[in-house]
Amino acid sequence: MSESLPLLRADCANCFALCCVALPFAKSNDFAVNKPAGTPCKNLQQDFRCGIHTRLRDQGFRGCTVFDCFGAGQQVSQVTFGGRDWRAHPETRGPMFDVFPVMRQLHELLFYIDQALGLPDAAPVHPGLRRLLSETQEWTRADADALAALDVAALRGRINTLLLETSELVRAKVPGRKKNHRGADLMGARLSGTNLRGANLRGAYLIAADLSRADLRTADLIGADLRDANLRGADLRGAVFLTQPQLNAAQGDQHTQLPTPLTHPTHWL
């Protein structure tokens, strides 16, 4: 990540467990119980730590191991609210919990912009991306009232236009015909060993798809649903707009090749 950007990875030690309180979850394969938004998880301790952190998957909270706030938690806790926690300062509860999802989206957008600015083939759109980077950074430093009123969808739309151009410029450098599966329903698809190099997989549904040993180099994976997708032995080097949460939701192994700075999830065997 660029040094000028805020930390775009979760720093739980400097967050007031916002993902454990602000967000709702429903009883499912990902969560063992129902929890409404604004209510602390039953596993949350007084020191804002998770009481079952090392056993989340075993205890039915797989969704917690998939989620990543892109560093929004510490930004809201330490910057927006100046280190005032919602327990000691109950008046911050509502505003803090409302702002957290907004900040999470802003940090995710910063992640995408930062990645695009690191791609030399996308140089023609770098000036526009730098302007949007600066604007988005300014929003991350705004106060709670301004953030609550922000039209994130409109900002995301403007950024996405340039991210799409980035994808087209980068993938155009890949030789040969590229597959276009944008928004495609590929749930459970058998794609083992498939050549998907430079493919457009934006928003594709790849839930439980078999992508083992697939060539996904320079494929655009922004918004692709990779829950339980088999990435064992797959080559994802240079994959465009791939995120850590997407990898956390998938299955892989030590032979899965990843782009920098993403890492192999701890649950991969």
Side-chain angles (χ1 to χ4, degrees), residues 1-2 4-26 30-31 34-44 46-50 63-64 66-116 128-163 203 222-223 241 243-246:
M1 299 302 163
S2 300
S4 61
L5 291 180
L7 183 65
L8 296 181
R9 286 185 179 176
D11 179 8
C12 299
N14 285 302
C15 174
F16 302 133
L18 298 187
C19 63
C20 307
V21 186
L23 305 179
F25 49 73
D30 290 325
F31 296 101
N34 294 312
K35 187 191 83 65
T39 300
C41 173
K42 67 176 185 177
N43 299 306
L44 183 64
Q46 286 299 310
D47 61 359
F48 298 112
R49 294 177 182 272
C50 174
C64 297
V66 171
F67 180 79
D68 191 304
C69 73
F70 291 96
Q74 66 260 26
Q75 184 74 7
V76 171
S77 298
Q78 303 300 329
V79 179
T80 312
F81 287 88
R84 293 174 296 152
D85 73 77
W86 50 269
R87 279 193 173 123
H89 302 272
E91 72 280 3
T92 68
R93 287 180 63 102
M96 188 178 292
F97 300 160
D98 289 343
V99 163
F100 175 60
V102 177
M103 188 68 76
R104 199 265 183 187
Q105 292 186 70
L106 292 175
H107 275 226
E108 182 181 18
L109 291 171
L110 286 175
F111 174 87
Y112 290 138
I113 296 172
D114 183 63
Q115 187 175 135
L129 285 167
R130 290 191 188 96
R131 288 191 291 271
L132 285 169
L133 175 69
S134 178
E135 180 180 344
T136 306
Q137 284 182 288
E138 284 299 313
W139 278 115
T140 66
R141 296 188 283 265
D143 61 31
D145 290 339
L147 285 166
L150 173 62
D151 187 345
V152 184
L155 177 61
R156 181 180 290 274
R158 290 162 52 209
I159 292 172
N160 190 57
T161 297
L162 293 186
L163 296 181
I222 194 169
F241 304 131
T243 67
Q244 193 65 49
Q246 285 174 300

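In this text the structure is predicted, and so the values were computed from the model without any measurement.
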Side chains of [X] and [Y], heavy atoms from C-beta outward: is any pair under 4.5 Å?
X	Y	value
L150	V102	yes
W86	L18	yes
F48	C20	no

Rounded to the nearest 0.5 Å, what separation is found between the [atom1] atom of [X] and the [atom2] atom of [Y]?
X	Y	atom1	atom2	answer
I159	L109	CD1	CG	4.0 Å
L106	Q137	CG	CD	11.0 Å
C64	F25	SG	CZ	6.0 Å
L132	N160	CG	CG	11.0 Å

Original post:
Partners of T39 by side-chain contact (heavy atoms from CB on, under 4.5 Å), sequence neighbours excluded?
Top reply: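 Counting only residues at least two positions away or on another chain, T39 forms a side-chain contact (heavy atoms from CB on, under 4.5 Å) with K35, P36.
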**OP:** Just jot down the side-chain contact (heavy atoms from CB on, under 4.5 Å) partners of R130, sequence neighbours excluded, or say none.
**Re:** L117, H126, P127
Original post:
Restricting to pairs with a member in residues 75-102, which pass salt bridge (charged side-chain N to carboxylate O under 4.0 Å, His left out), not counting sequence neighbours?
Top reply: none
[X] side-chain N/O to [Y] backbone N/O, donor-acceptor pair under 3.5 Å:
X	Y	value
Q75	T140	yes
S77	F16	yes
Q74	R9	yes
R104	D68	yes

Original post:
Is it true that R131 and E135 have a side-chain N and a carboxylate O under 4.0 angstrom from each other?
Top reply: no
